[in-house]
2 protein chains.
Amino acid sequence: MNEARRKPISNAHRAVLQLREMIFSGELAAGSDHLETELADRLGMSRTPVREAALLLESQGLLEMRPRKGVRILPVSAEDMREVYDVLTELESLAAERAAERGLTEQDLAALHAAIDDMERAISADDLEAWAAADDRFHAELVRLGGNSRIRMIVAMMSDQVRRAKASTLFLRPVPVKSNEDHRAVYAAILAGDPATARRIHRNHRRQARDVLTGILEQMRLRTL
Amino acid sequence: MNEARRKPISNAHRAVLQLREMIFSGELAAGSDHLETELADRLGMSRTPVREAALLLESQGLLEMRPRKGVRILPVSAEDMREVYDVLTELESLAAERAAERGLTEQDLAALHAAIDDMERAISADDLEAWAAADDRFHAELVRLGGNSRIRMIVAMMSDQVRRAKASTLFLRPVPVKSNEDHRAVYAAILAGDPATARRIHRNHRRQARDVLTGILEQMRLRTL
DNA sequence: GCGTAATTTTGTGTATGCATTAATAAACGC
DNA sequence: GCGTTTATTAATGCATACACAAAATTACGC
């Protein structure tokens, strides 16, 4: 399951986690620049581990290091989301297909099922944040079941980029009722060992999600930028 | 085209290039360990830029940094290649599909066509190295034409991993004659604006490549490990 | 001899200092 | 005043120093 959590708890690692959190929370605004020294001060460590963290986050596409200008928190455009969703669509669909090929039992799929139930509950309770969290869990678990560690890594990376865009559009999006139908159908197809169906449904699911999100981002852009 | 080549020529960047080269050439053998200090000495610089380079290469999956054990050059297993090819298959197929959707002209596809011709020529001349290089160019160009920068990045990353496996199996693999038929068919489908065909053919192409390579790797493993 | 504790060695993670050079401000000619 | 050149400032990239902890080695008890 969690195969690689042996890296102690270096400052560099803490810097990665904290910077990510600061980016997701908006404390480091999209498009803003920050000197290495400033970040080091804010995190209470020297430039070295901050630099290493920034290097990693740069490779993940969350920020960009520009000599003398500081690290720039990358903004997320509708075009970016189109790219990201295209990747997610392909790789998650494959994961669903592969998961369905493996003859998994209800027990294996327990976490997936739990995520679906959580989403249902969150919708009933009108708790969009909880819904988003459960939705993330569903997708992460689906990819895990696909059994390809590289897909898991890439999807996690792309999901991070999506998460930022979603955070700002969460309350603008329609309540995702239809969405959970898809989730249940994917679940059923995997349990039934039907790869083609699992793939097809998840694919359409992601396609729609992409269109909804990019649509909203484009509207927002017209108003705010 | 080359959108981001403004990074000067830092030592860190040189370290990335040189380490990559050393890994591909086998100068740093798969599975071997190397202390940061050793690498720094060999590259004629201090540990700092070497460390930054290693961090990047770690995120690319070429090596692993283990506290006190040194930098381990990751070996490539058949299972790894199966994962990598699955990713390549999905993303390159999408790139082919997207390329076909864009209504590209013969001129736009010139580089792709050139790569195909080069492969043909290399096969006639029995120059497997040249063929491999041209094949790489074909795939890189195809992905470029797909117009998704993230796919380009991921494919480049995965291709690096494949390149290492290919280097050791190049002369074991059958001469790829059928392969170029696929390439030409993909080319034709893109030019004709037929996304579905472009996708389907490229998909099968990659699937076969995967089976050939993993098959050989498994055989090798039986003998050498 | 052999298992265990003490000691030394060694590599990493981090802090720090500094040279380089880009960016900015100041000085200057016109 | 304004464009150009020079001086100043400041941020990075890198080298270096060092503390800490893991590993290896030795010393020791039995």
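Hydrogens, waters and symmetry mates play no part in the numbers below; they use all other heavy atoms, side chains included. Throughout, protein chains are lettered first and strands after them, A, B, ... in sequence-line order, and every chain is numbered starting at 1.
The distance from atom NZ of A:K69 to atom C1' of C:dA23 is 8 Å, rounded to the nearest whole Å. Atom CZ in A:R66 sits roughly 10 Å away from atom P in C:dA23 (whole-Å rounding). To the nearest angstrom, C1' of C:dA15 lies 15 Å from CG of A:L43. Protein atom CD1 of A:I9 is 18 Å distant from nucleotide atom P of C:dT12, rounded to whole Å. The CD-P distance, from A:E38 to D:dA10, rounds to 16 Å in whole Å. For B:D33 and C:dT12, the CG to C1' distance is 14 Å, given to the nearest whole Å. At whole-Å resolution of the value, NE2 in B:H34 and C1' in C:dT12 are 17 Å apart. Atom-to-atom, CD of A:E36 to P of C:dT16 comes out at 16 Å; the value is rounded to the nearest Å.
Between A:I73 and A:A29 the shortest heavy-atom distance is CB-O, 3.3 Å. Nearest heavy atom pair, residue B:L213 against residue B:A165, reads CD2-CB, 4.3 Å. Minimum interatomic distance between B:R14 and B:L43 (heavy atoms only, all atoms of both residues): NH2-O, 3.8 Å. Shortest non-hydrogen contact noted between A:D211 and A:T214 is O-OG1, 3.4 Å.
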Practice item. Could you run through nucleotides 15-21 of chain D and give me one letter per nucleotide, 5' to 3': B if any protein heavy atom sits under 4.0 Å from the base, S if only the sugar-phosphate is that close, - if neither? Key: BB----B

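Side chains of A:H205 and A:H183: a donor-acceptor N/O pair is present below 3.5 angstrom, by distance only.
Looking at heavy atoms from C-beta onward, B:T169 lies out of side-chain contact with B:V212 at the 4.5 angstrom threshold.
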